[in-house]
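What you see is a predicted model, and the numbers here were worked out from it, not measured in a lab. Counting starts at 1 for both ligands and their atoms, following the listed order.
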Amino acid sequence: MIKKYQFGKPFNTDAVVKDLTISNDLTKLIIIKDKELFIKLNNDSKVYGLGQALRGINKRGYIYRSFAIDDPVHSEDKLNLYGAHNFIVIELNNNYLGLFIDTPSMVTFDIGYTNSNELKITIDNNNYCLYVLENTNLYNLIIEFRKLIGKPYLPPKWGLGYGQSRWSYNSAKEVLDIAKLHKENNLPLDLIYLDIDYMDNFKNFTLSKDFKDLKELVNKLKKDNIHLVPIIDARVKVEKDYPIYEEGIKNNYFLTNKDNTPFIGGVWPGLSVYPDFLRPDVRTWFASKFKIFTDIGINSFWFDMNEPSIFYSKNNVDQIINNLNNKKTPFNLGDILSLQGELSSLHNRVDDYKNMYHHIDNKAVSNYILHNIYGMNMTKALGEYFQNNNEDYFLFARGSYIGAHRYAGIWQGDNYSTYQQLEYCIYQAINLNMVGFLFNGADLGGFAGNTTPDLILRWLEFAIFCPLLRNHSAKFTRYQELYRFDNLASLREILKLRYSLLEYIYDELEYARDNNLMYLRPMSFDYPDDKILREINDQVMVGRKIMIAPIYKQNQNYRYVYLPERYKQIRLRAYNDFDQDILDKGHHYIEVKPNELLIFIKEKDTLYLNTPQSNTTKLINDHIIKL
Ligand code: MIG
């Protein structure tokens, strides 16, 4: 059962696809006091949801915030990241209560952080829709929610191939070398990504001199069926005679200050302005700029910085300079410390979001109020363009809100090359399935920091089951293309398994999309009555048949697995090198060497592996191995 409640005059976020009538008989389980919602938790109530949020599957015991932010440090104490996914499910007395708080404004979920047995949701805006779901079965409740928010975007099949990325490959020659080295090392490859340095001075829709002949590059890669995926950022460089800037200024397409002058932030290109993506005319205009890519056969993109990210605003920097000019020298210690503080806290300041304005139906509305749907609307700009033209496209973005899943995927942003981040990305991948983002994935190997051969191998053993499979790493970090590592032979075999399983993965994704299911989910969701499984979060169902038990700790070559019934265990070193055992229901402690991958299927099920290929275009359903 699902009911809609409305408070004040909510802004239409485009999160839901169903027009429900408004109810007024709110369940007594929810107590509303002004902008706060309270729900009493039982000692053993589990709490699920919140999409991209960090930590585990059971969200109890911490505080989380929906306020999209560009934060590259995903430590355990972080409240908010790039996405705002306000869907939460509370287990109460053998029943489940689901809430979706549909508002573009900030929402804070205090889940037993202040008071152990209380969930307190603070909504920073009096105007919002509240959807309340009740179900005796957790998974069914989630399915019902997914029906409400509509069918997820999935990329064409080649979008599930392996992608190689780095910030940045700096020339067309370097990109061709990447393709060549994958081939020489017998590593499959379907996509190569371009990060911001392919642009001229970080200007969207321009090319640096090292990528001048992009068409030629595209054509050369096409011979090997490799897709080039350029990045586009959510900002426009302030520069006289730069057409995108000039056109936007002429038509008032950018977010403004209170006085209607363009709001100027500093990002990679230096001073920049932000398109008002919430307006349909701005979205159409922005989408039209992709013609320079589509004309040469590029229909794959990734969108960054769309929370939107602001390294500093001109307003705040001007203010600091003003203050300095009014100070008498020499400075005392207090002055220096406060200057230091001001300079180091310029990034993503809430006062900047408060001072930047959208113009909707000729009314100025602060970004602070509409903040969480900015990124989604950038995604929508291109997504709706391709969908309206009925064209294939490949797209994922960083900032997101529920609803964006109908237009594109997302990736998990700037993770770190540590085992802890590998563990987090498993839970994020699952939780993102709950809120519709079936097409998601984390930077394989870790983005920041230096990965290690063992970490990237264990990571790959999980990542081959993630729809978005992309190896990406930051500037100044160790290069992490798979052929750089001395365990290349193992990495290769595991990656080839992705291609052996690709037909299964694609079929299961389509099935999950069409039936509102979770492609990745905790095994416990499939066995609601199993009391032991309910406490286990790291046994993951992949589609209908496969259960995986990933390793996410260094030097851990054994792992605990609990089976709710008899299962076939398959330990794979390669598509044609594996052993299988039937395991009884119950507890198992199983050896998993670094080059091995554990999967399980039901005793009576069969799973087919196809011959791995160097590219998705070559795949055929030849069912070479029957498991
Ligand atoms: O401020 O484009 O998350 O994947 O490599 C950093 C450079 C901007 C953040 C993205 C990351 C990308 C990087 N970007």
Side-chain angles (χ1 to χ4, degrees), residues 52 54 68-74 78 80-83 163-170 174-175 178 191-208 211 228-237 265-272 274 300-313 344 346-349 352 374-375 378-379 394-400 404 408-417 421 424-425 428 432 437 440-451 459 463 466 468-481:
Q52 192 169 41
L54 291 170
I69 193 176
D70 168 13
D71 187 340
V73 182
H74 302 182
K78 280 297 150 72
N80 44 327
L81 288 179
Y82 317 91
Q164 182 58 52
S165 182
R166 179 164 177 94
W167 177 21
S168 295
Y169 296 131
N170 285 307
E174 197 179 352
V175 170
I178 295 294
L191 308 105
I192 300 182
Y193 290 78
L194 297 182
D195 209 320
I196 46 177
D197 298 284
Y198 81 88
M199 301 177 194
D200 170 31
N201 274 313
F202 306 115
K203 284 180 287 184
N204 285 331
F205 313 112
T206 70
L207 301 173
S208 88
F211 285 94
L228 193 64
V229 192
I231 192 172
I232 292 289
D233 279 0
R235 78 296 173 279
V236 171
K237 183 175 170 58
V267 209
W268 290 108
L271 298 183
S272 304
Y274 298 83
S300 318
F301 304 93
W302 57 304
F303 285 176
D304 195 14
M305 312 299 269
N306 58 342
E307 294 73 27
S309 181
I310 307 174
F311 291 171
Y312 56 87
S313 67
S344 62
L346 285 168
H347 206 162
N348 306 325
R349 267 171 59 165
D352 281 332
Y374 184 79
M378 179 187 184
T379 303
F394 174 93
L395 179 63
F396 63 87
R398 198 174 65 181
S400 70
I410 55 174
W411 94 102
Q412 274 84 310
D414 298 343
N415 58 8
Y416 209 89
S417 297
Q421 301 273 297
Y424 282 171
C425 90
Q428 283 180 318
L432 284 170
F437 291 95
N440 82 72
D443 290 349
L444 162 66
F447 173 72
N450 298 313
T451 202
W459 203 312
C466 295
L468 172 60
L469 175 58
R470 179 177 77 142
N471 181 343
H472 182 51
S473 57
K475 264 202 159 85
F476 310 119
T477 63
R478 179 178 191 175
Y479 276 78
Q480 67 184 36
E481 295 79 19

Describe, in one word, how the ring planes of W268 and F202 are oriented to each other, choosing from parallel (under 30°), tilted (30 to 60°) and perpendicular (over 60°).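 Correct class here is tilted.
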Does the plane of the ring in F396 sit parallel, tilted or perpendicular to the ring in F394? Use 30° and 60° as the thresholds.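 F396 vs F394 ring planes: perpendicular.
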Listed partners of R235 passing salt bridge (Lys or Arg N to Asp or Glu O under 4.0 Å), at least two apart: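 Applying salt bridge (Lys or Arg N to Asp or Glu O under 4.0 Å) to R235 gives D233.
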Who are the salt bridge (Lys or Arg N to Asp or Glu O under 4.0 Å) partners of K203, not counting sequence neighbours?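 Applying salt bridge (Lys or Arg N to Asp or Glu O under 4.0 Å) to K203 gives D200, E239.
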At less than 4.0 angstrom from any atom of ligand 1, which residues have a non-hydrogen atom? List them by chain and residue number.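 Heavy-atom contacts below 4.0 Å: W167, D195, I196, I231, W268, W302, D304, M305, F311, R398, W411, D414, F447, H472.
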My understanding is that only residues two or more places apart in sequence, or in another chain, count here; which of them pass ring pair (Phe, Tyr, Trp, His ring centres under 6.0 Å) with Y312?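 Expected list: none.
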Check K475 with D195, please: is the shortest side-chain N to carboxylate O separation under 4.0 Å?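 Result for this pair is no, no salt bridge flagged.
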